[in-house]
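Structure record follows, encoded as structure tokens.
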Amino acid sequence: MRTPFLAGNWKMNLDRRAALDLVAALRERFADRDDVDAAVCPPFVYLAEVVRALDGSPIRVGAQNCCDEESGAFTGEVSAAMLKDIGCDLVILGHSERRHVYGETDELVNRKVHRALATGLDVILCVGETLEEREAGRTEAVVRAQLQGGLEGVDGAAMERVTIAYEPVWAIGTGKVATPEQAGEVHAYLRGLLTGRFSESIAAGVRIQYGGSVKPDNVRELMAVADVDGALVGGAALTPDNFLPILEFDR
Ligand code: 13P
């Protein structure tokens, strides 16, 4: 049985005060719970403070990106080692906004995945099709290329530290959530790909999150779908009023 993993991707939102208020609320609510696997992923500049604010709490802290290179002359980049150094546990890689706004390719995402894993960070690897790709019947081909490309050269043992996030681009920030059937189809397809690439037992242990307009009022039905093992939440992860009921959805 896979424990659901719920993570909040703040993207480029919140200021310092709002960030600390939000994590204080999370810390208080989850002070003595060890049955919830949850993470917040703030912008780089707030990471160190959020790590400190959540010290001793079961809530993990992740970054939204990292550099593929180890160190050196890469102006504006942040290394996986720096993230590890300040106490980050994980990093989101291959988010659709990185792919579509900043042109990240599967090859680059794959180099980042290797760098993060080698540095000791867990990875949330995002995949997902655009509306145009879905309407052209290309959903499976797109997520297959992203999954296989992103995981090229990753061995089965490392998959314990990798979560896959299926985020249909047309559902991100649009309020248009995938139906449980749509999510279920793609999640089952991804699980099958993982089985083919690794083994049935390794694939059975990998959590596949759904992301795209997850809200308190739809989280329960999405999480009830076979092969949906958590959520990567954007807008609704920005306030305790929305994120707490998502974390505490009726399992
Ligand atoms: P929304 O929940 O705002 O649709 O964002 C989803 C997402 O991109 C999380 O990574």
Side-chain angles (χ1 to χ4, degrees), residues 4-14 18-19 22-23 26 37-44 46-47 50 59-66 83 88-104 109 112-113 116 121-131 133-134 139 142-143 146-147 150 162-180 182-183 186-187 190 207-223 225 228-249:
F5 175 29
L6 299 130
N9 173 12
W10 297 0
K11 309 191 181 186
M12 197 172 72
N13 291 299
L14 302 182
L22 172 55
V23 293
L26 298 178
D37 193 2
V40 290
C41 301
F44 286 132
Y46 301 131
L47 278 170
V50 166
I59 300 186
R60 300 191 280 155
V61 181
Q64 301 170 18
N65 186 22
C66 72
L83 297 174
C88 269
D89 302 294
L90 59 109
V91 60
I92 298 171
L93 295 173
H95 191 278
S96 70
E97 288 143 22
R98 299 299 319 168
R99 294 176 187 272
H100 295 291
V101 185
Y102 297 100
E104 290 196 11
V109 173
K112 293 183 179 199
V113 167
L121 294 171
D122 290 358
V123 167
I124 298 177
L125 172 65
C126 303
V127 302
E129 82 289 0
T130 62
L131 184 59
E133 289 163 343
R134 172 164 282 265
T139 298
V142 169
V143 300
Q146 291 172 339
L147 188 82
V162 177
T163 296
I164 306 300
Y166 169 55
E167 299 206 305
V169 180
W170 47 271
I172 295 179
T174 57
K176 258 193 238 164
V177 65
T179 64
Q182 286 172 323
V186 180
H187 281 239
L190 291 168
R207 288 175 298 181
I208 307 178
Q209 297 174 321
Y210 168 80
S213 297
V214 174
K215 307 281 179 233
D217 62 6
N218 61 26
V219 62
R220 190 164 180 260
E221 66 168 354
L222 285 162
M223 295 308 112
V225 177
V228 175
D229 312 310
L232 186 54
V233 185
L238 298 174
T239 61
D241 282 357
N242 285 316
F243 199 42
L244 285 172
I246 289 175
L247 295 178
E248 295 181 314
F249 81 89

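Start at 1 and go down the list; that is how both ligands and their atoms are numbered.
- Within the listing of ligand 1, atoms 1 (P), 2 (O), 3 (O) sit less than 4.0 angstrom from a heavy atom of Gly235.
- In this structure a side-chain-to-backbone donor-acceptor pair under 3.5 Å is present from Gln209 to Phe5.
- Residue-ligand proximity, Gly212 to ligand 1, at heavy-atom distances under 4.0 Å covers atoms 4 (O), 6 (C).
- A donor-acceptor distance shorter than 3.5 angstrom exists from the side chain of Asp229 to the backbone of Ile208, with no hydrogens or angles considered.
- Compare Glu167, Glu97, Lys11 by their heavy atoms: the one nearest to atom 5 (O) of ligand 1 is in Lys11.
- Counted by atom type alone, His95 and Glu167 present one or more donor-acceptor pairs between their side chains at under 3.5 Å.
- Asp89 contributes a side-chain N or O that, together with a main-chain N or O of Val61, makes up a donor-acceptor pair within less than 3.5 Å.
- Those atoms of ligand 1 that come under 4.0 Å of a heavy atom in Asn9, given as number and element, are 9 (C), 10 (O).
- Each of the atoms 4 (O) of ligand 1 lies under 4.0 Å from some heavy atom of Ala171.
- The aromatic rings of Tyr166 and His187 stand perpendicular to each other, their planes meeting at an angle above 60°, with 30° marking the opposite boundary.
- Atoms of ligand 1 lying under 4.0 Å from at least one heavy atom of Gly234, given by number and element, are 1 (P), 2 (O), 3 (O), 5 (O), 6 (C), 9 (C).
- Ranking the protein heavy atoms by distance from atom 4 (O) of ligand 1 puts Gly173 N, 2.6 Å first.
- When only interatomic distances are considered, the shortest N/O to N/O separation between Ser213 and ligand 1 falls below 3.5 Å.
- Formation of a donor-acceptor pair under 3.5 Å by the Arg99 side chain with backbone atoms of Cys126 is found in this model.
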